[in-house]
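Each remark here refers to the structure printed beneath this line.
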Number of protein chains: 2
Amino acid sequence: MTDSPPDVLASRLGYLFKHAHARLLDVAGPAMAPFGIDGRELAVLAVLGAGAPLSQQEAAELLGVDRTTMVALVDELERKELVERHRSAADRRKNIVRLTEKGRRCLEGAGDARDAAERRFLEPLGESGAAGFVAALQILAGARPL
Amino acid sequence: MTDSPPDVLASRLGYLFKHAHARLLDVAGPAMAPFGIDGRELAVLAVLGAGAPLSQQEAAELLGVDRTTMVALVDELERKELVERHRSAADRRKNIVRLTEKGRRCLEGAGDARDAAERRFLEPLGESGAAGFVAALQILAGARPL
DNA sequence: TATTGTTATACTCTATAACTATA
DNA sequence: TATAGTTATAGAGTATAACAATA
């Protein structure tokens with residue numbers, strides 16, 4: 001990553017998104033590493049642990065990834081014994097994906113680590129600056145009604 | 001892209017960066033398409049058009065891409081007749097990459113189109129909100145001293 | 001020896017198409 | 001016929017290793 005980019009790039013949103021995201025990964029990646037998962041896997045654990053039981057496809061839709069991508073993601077999480085597939089009794093085409101006890105502990109530990117990493121990442125903005133930034137980002141990401 | 005993501009995701013910076021960036025591409029991609037280039041190619045034209053003549057490696061460092069990636073990028077821009085390679089007389093290992101007249105016109109037109117697209121993207125934040133957001137993003141991307 | 005550009009190669013992430021089993 | 005999961009495959013984008021020309 002470039003440390004001091006030229007002016008022609010410093011105002012380009014695409015460049016700024018890419019590099020800000022890369023800096024976030026620099027902080028959050030090592031924070032989650034001790035738990036043996038990365039950010040995408042943590043996001044899967046989070047939606048599975050959030051509330052109602054989900055099928056693979058339902059989880060994929062929530063995360064905005066393809067259902068074929070979800071197959072590999074669940075394969076890996078199952079290999080790590082963090083989730084289990086169960087055929088749905090109501091609709092035997094569906095795989096209900098459940099957190100294991102180990103998965104729940106991992107979600108909790110890695111989630112806390114990632115939250116702390118995000119706070120460190122946002123630190124340069126100050127407390128109110130960080131809150132305003134996240135709110136703006138939620139609007140731009142379409143995660144919040146206008 | 002998910003339209004209304006669940007709460008467990010709406011506060012995650014990685015998710016927000018990914019989806020905000022995707023929304024930006026939705027707006028900026030079509031805006032640049034009439035000029036036959038994408039955002040990465042426009043970024044190359046921009047650093048080449050900014051000031052001093054650059055070698056491939058120097059341009060690659062400014063953009064934060066690998067020098068092997070730059071080879072393919074310059075190949076494509078040369079095929080479109082937007083840039084020209086010239087062996088440096090001072091150091092014959094180096095390729096100085098220069099904008100052609102066509103490249104300069106493309107930089108100007110596509111640059112304006114992209115600027116307008118970015119303004120539309122930021123519109124929901126209001127004028128001062130947008131300025132604050134970009135300033136914060138520059139800090140987080142390391143594009144601006146703290 | 002080190003550096004620039006280049007090629008070949010591989011790896012990650014993602015998407016499309018086709019198959020299976022269920023509905 | 002349509003859907004959920006799966007597999008195979010292919011396309012970006014990027015990175016590593018090795019080579020030729022040059023320093």
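Proteins come first, then strands; the chains are lettered A, B, ... in the order of their sequence lines, and each starts at number 1.
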query: Are any of A/R85's side-chain N or O atoms less than 4.0 Å away from OP1 or OP2 of D/dA4?
result: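 No, A/R85 has no side-chain N/O under 4.0 Å of OP1/OP2 on D/dA4.
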- prompt: Which listed nucleotide (D/dG5, C/dT16, C/dA23) is nearest to the side chain of A/D66?
  reply: C/dT16
task: From the options C/dG5, D/dA4, D/dT6, select the nucleotide whose nearest atom is closest to the side chain of B/Q56.
output: C/dG5
field: A/L54 side chain near A/V97 side chain, heavy-atom distance below 4.5 Å
entry: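 Sidechains of A/V97 and A/L54: no contact.
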- prompt: Any side-chain heavy atom of B/I96 sitting closer than 4.5 Å to one from B/R87?
  reply: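 Result no, sub-4.5 Å side-chain heavy-atom pair not found.
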[atom1] of [X] versus [atom2] of [N]: gap in Å, rounded?
| X | N | atom1 | atom2 | value |
| --- | --- | --- | --- | --- |
| A/H21 | D/dG13 | NE2 | P | 17 Å |
| B/R93 | C/dT6 | CZ | P | 14 Å |
| B/R87 | C/dG5 | CZ | P | 8 Å |
| B/M70 | D/dA15 | CE | C1' | 15 Å |
| A/E58 | D/dA4 | CD | C1' | 10 Å |
| A/R92 | C/dT20 | CZ | P | 18 Å |
| B/L63 | D/dA15 | CG | P | 12 Å |
| A/D38 | C/dC11 | CG | P | 18 Å |

message: Between the side chains of A/D115 and B/R12, is the shortest nitrogen-to-carboxylate-oxygen separation below 4.0 Å, so that they form an ion pair?
response: no
task: Indicate yes or no: does B/R119 engage B/E123 in a salt bridge with an N to O separation below 4.0 Å.
output: no
message: Considering every strand and a 4.0 Å limit on heavy-atom distances, what is the contact class for A/R67: base, sugar-phosphate, or nothing?
response: base
query: If you find the nucleotide of DNA chain C closest to A/T69 and the one closest to A/S88, which residue's nucleotide is nearer the 5' end?
result: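 Mapping each residue to its closest nucleotide by heavy atoms, the 5'-most match is A/T69.
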task: By nearest nucleotide on DNA chain C, pick out whichever of B/Q57 and B/T68 is the more 5' one.
output: B/Q57
query: Of A/D75 and A/K94, whose closest DNA chain D nucleotide lies nearer the 5' terminus?
result: A/K94
A/H19/A/Y15 under ring-ring contact (aromatic ring centres under 6.0 Å, His included): CA gap, chis, key distance, verdict: CA-CA 6 Å; A/H19 286 75; A/Y15 179 92; 3.9 Å; yes
